[in-house]
Structure formats: C-alpha cells, structure tokens
Amino acid sequence: MNIKTKKILELLNKEYPNVKCELNYNTPFQLLVATILSAQTTDKKVNEVTKQLFIDYPTVYNFSKLTIPELEDKIRKIGLYRNKAKNILKTVKMLIEEYNGQVPSKFDDLVSLHGVGRKTANVVLANAFNVPTIAVDTHVFRVSNRIGLANAKDVLQTEKDLQKNIPKKDWIEAHHLFIFHGRNLCIARKPKCEICPINRECKYFNQAE
DNA sequence: AACTCGGGGCA
DNA sequence: TGCCCAGAGTT
C-alpha cells in the first residue's frame with residue numbers, strides 16, 4: 001500500500017470511526033433480503049420496512065409462506081417493490097430447494113440468486129461471512145474514482161483497481177468508509193471539498209483548483 | 001449501452 | 001413540483 005492510500009484510509013477512519021453496515025438484520029438471510037431491498041433507495045427507508053417484517057417473518061421458511069402481493073404490500077413504500085418482491089420470493093424458493101435453506105457463502109452461488117448482483121453478493125460476503133470484499137455501489141464508485149484510488153468507467157474495473165490499491169485486510173472497512181464519505185461530504189452533485197478531510201490527497205479536488 | 005422499475009423524502 | 005436514492009434484469 002502506498003503512502004497516499006494509507007493516509008486516505010487513516011483520515012477517513014478518523015472522520016467516520018467504527019463504521020459498519022447500517023442495514024437492519026440478525027442473520028445472513030435477513031442481510032440478503034435487506035440488501036436486495038436497498039437497491040436505489042436508502043438504508044434508512046429499508047430499515048423502516050424490515051423492522052416489522054423481520055419480526056413477523058424472521059426466517060427463509062417464514063418468507064416462503066408469503067405471496068407476491070402480500071410481500072409487495074409490506075415493502076411498497078421503498079419503491080421498485082414489484083421486482084424486489086418477486087425476486088426475493090424466487091430467491092427464497094431457491095434457497096430452500098437448492099441450498100438447504102441456508103444463504104450460500106460463495107460469490108458464484110450468491111449472484112445466481114434472483115435480485116442479487118455483484119454489489120449485493122459482496123455486501124453479504126463481507127458482512128455476513130466476513131469474507132474480504134469491496135462492494136462497489138454508486139458511492140464507492142464515485143468516491144474512489146474522484147480520490148484517484150480507482151481510475152475506471154465501470155464498476156467491475158473499479159472493483160479491481162481498489163483490490164489492487166488497498167490491502168485485503170482493509171477491504172471491508174474501506175467499503176464502509178467510502179459509503180459514509182459519499183453520503184456525507186463527497187456527494188454526487190455538490191461535493192463539500194472545502195471541508196473534506198482528504199482534499200489534499202484527492203485527485204478531483206486538486207484538478208478542480 | 002440504454003431502458004425500466006418507483007414510492008417517499010426533501011428542497 | 002422536480003430531483004434523487006447501499007442496483008439488477010431485460011432488450
């Protein structure tokens with residue numbers, strides 16, 4: 001790890017201490033469902049929906065008793081609810097029929113599930129199974145490419161750049177640091193560069209000067 | 001690569 | 001009112 005990368009992670013860690021996944025879950029299955037639900041919405045809204053949902057339907061077998069319209073009704077207010085309800089119940093069926101009711105801990109198995117792409121699979125691997133990954137969502141993509149830790153136009157290449165530039169033991173933490181930073185300061189439209197703790201290290205800030 | 005899904009929070 | 005949000009599937 002070069003000195004710049006180390007400095008960036010240190011400063012972000014100081015700015016956002018004890019970062020972790022903010023989705024509401026108690027089991028790998030609940031994390032999987034919450035992460036599928038989190039596409040194109042906020043974790044806050046997902047938590048509002050899952051709070052009661054995971055009390056009434058805590059396990060994959062409880063979910064298997066839900067009909068699509070019933071689940072749609074319970075997650076309606078987060079948006080994109082038709083696709084999400086359909087995908088979640090398809091995935092529930094697959095988990096029971098092909099994975100003995102367990103959430104698989106291999107990337108290839110996870111992405112074969114309905115509604116699960118690279119980002120969701122990596123979030124589950126990192127947070128439920130403690131497997132080192134960097135889940136590249138819109139925040140991680142924007143932040144890491146602005147800083148200069150990645151130099152890519154697509155998610156997959158950004159993932160590779162970050163894996164090359166950041167030591168494996170820091171992957172999960174780096175993911176959460178970039179998420180927090182992307183929501184708080186390094187926002188999409190008008191990033192607050194003037195009060196950013198890593199602006200001295202940032203390619204985007206220094207180019208804009 | 002472009003298009004679609006989408007209700008709710010916020011300015 | 002209009003813009004935006006921890007993406008994924010389809011064409």
Side-chain angles (χ1 to χ4, degrees), chain A residues 12 16 18-25 28-54 68-95 103-104 107-129 131-147 149-150 152-159 162 171-192:
Chain A
L12 287 180
Y16 314 105
N18 302 318
V19 289
K20 57 177 172 49
C21 179
E22 289 201 336
L23 291 173
N24 171 35
Y25 68 96
F29 172 69
Q30 291 181 3
L31 175 62
L32 176 63
V33 172
T35 309
I36 292 174
L37 291 176
S38 73
Q40 294 297 98
T41 187
T42 62
D43 53 333
K44 186 180 176 184
K45 289 174 75 171
V46 172
N47 287 340
E48 288 175 11
V49 165
T50 56
K51 185 175 181 182
Q52 189 62 42
L53 185 61
F54 289 162
I68 291 177
E70 283 172 346
L71 184 54
E72 282 181 352
D73 196 49
K74 295 178 187 302
I75 67 173
R76 186 179 308 274
K77 67 177 176 181
I78 69 173
L80 304 180
Y81 59 94
R82 292 192 187 93
N83 286 336
K84 287 174 181 176
K86 196 183 306 173
N87 284 333
I88 287 170
L89 292 185
K90 279 185 182 175
T91 285
V92 161
K93 191 175 181 182
M94 280 183 68
L95 291 179
V103 176
F107 180 85
D108 290 342
D109 290 335
L110 283 167
V111 292
S112 76
L113 301 171
H114 296 271
V116 180
R118 294 193 65 84
K119 179 260 174 181
T120 299
N122 281 326
V123 166
V124 171
L125 286 176
N127 295 288
F129 299 113
V131 175
T133 68
I134 301 178
V136 178
D137 57 34
T138 59
H139 290 314
V140 176
F141 180 82
R142 181 180 67 256
V143 171
S144 57
N145 279 291
R146 274 182 178 165
I147 294 171
L149 288 183
K153 52 192 178 306
D154 62 275
V155 165
L156 185 57
Q157 187 57 45
T158 296
E159 196 177 316
L162 290 175
W171 284 1
I172 297 176
E173 181 183 49
H175 160 77
H176 288 123
L177 288 173
F178 292 163
I179 295 272
F180 274 63
H181 192 54
R183 287 197 315 206
N184 286 288
L185 295 180
C186 196
I187 54 183
R189 290 302 179 85
K190 283 187 169 183
K192 305 173 183 176

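Proteins come first, then strands; the chains are lettered A, B, ... in the order of their sequence lines, and each starts at number 1. No hydrogens, no waters, no symmetry mates; every other heavy atom, side chains included, goes into these values.
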Practice task
Would you indicate, yes or no, if C:dC5 has its OP1 or OP2 atom less than 4.0 angstrom from a side-chain nitrogen or oxygen of A:Gln40?
Solution key: no

Handout entry: Span that lies between the C1' atom of B:dC10 and that of C:dG7, in whole angstrom
Key = 22 Å

Problem - C1' spacing across the pair B:dG8 / C:dG9, given as an integer number of angstrom - result: 24 Å

Exercise for the section: Using only side-chain N and O atoms of A:Thr138, determine if any of them is under 4.0 Å from OP1 or OP2 of C:dG7. Expected result: yes

Handout entry: B:dA11 versus C:dA6 - spacing of their P atoms, nearest Å
Key = 15 Å

Practice task
Among the candidates C:dA6, B:dG6, C:dG7, find the nucleotide nearest to the side-chain atoms of A:Thr42.
Solution key: C:dA6

Completion exercise
Residue pair A:Ile78/A:Lys44 against DNA chain B: nearer the 5' end by closest nucleotide is A:Ile78

Exercise for the section: Between C:dT11 and B:dG6, how far apart are the P atoms? Round to whole Å, please. Expected result: 16 Å

Problem - Nearest to side-chain heavy atoms of A:His176, which nucleotide of C:dA6, B:dG7, C:dA8 - result: C:dA6

Handout entry: CG/A:Asn18: more than 12 non-hydrogen atoms of other groups inside 6.0 Å
Key = no

Practice task
Can you see which heavy atom on A:Pro28 is nearest to which on A:Val103, and at what distance?
Solution key: C-CG2, 3.8 Å

Problem - 5'-most by nearest nucleotide on DNA chain C - A:His175 or A:Val116 - result: A:His175

Practice task
Among C:dG7, C:dC5, B:dG8, find the nucleotide with the atom closest to the side chain of A:Ala188.
Solution key: C:dC5

Handout entry: Side chain to side chain, A:Phe178 and A:Val136, heavy atoms closer than 4.5 Å
Key = no

Exercise for the section: Please determine if a side-chain N or O atom of A:Thr41 lies less than 4.0 Å away from the OP1 or OP2 oxygen of B:dG8. Expected result: no

Problem - Check: A:Lys119/A:Ser38 side-chain N/O donor and acceptor closer than 3.5 Å - result: yes

Exercise for the section: Answer yes or no: does a side-chain N or O of A:Arg82 lie under 4.0 Å from OP1 or OP2 of B:dG6? Expected result: yes

Exercise for the section: Return the 5'-most residue of the pair A:Gly115, A:Thr35 with respect to DNA chain C, ranking by each residue's nearest nucleotide. Expected result: A:Thr35

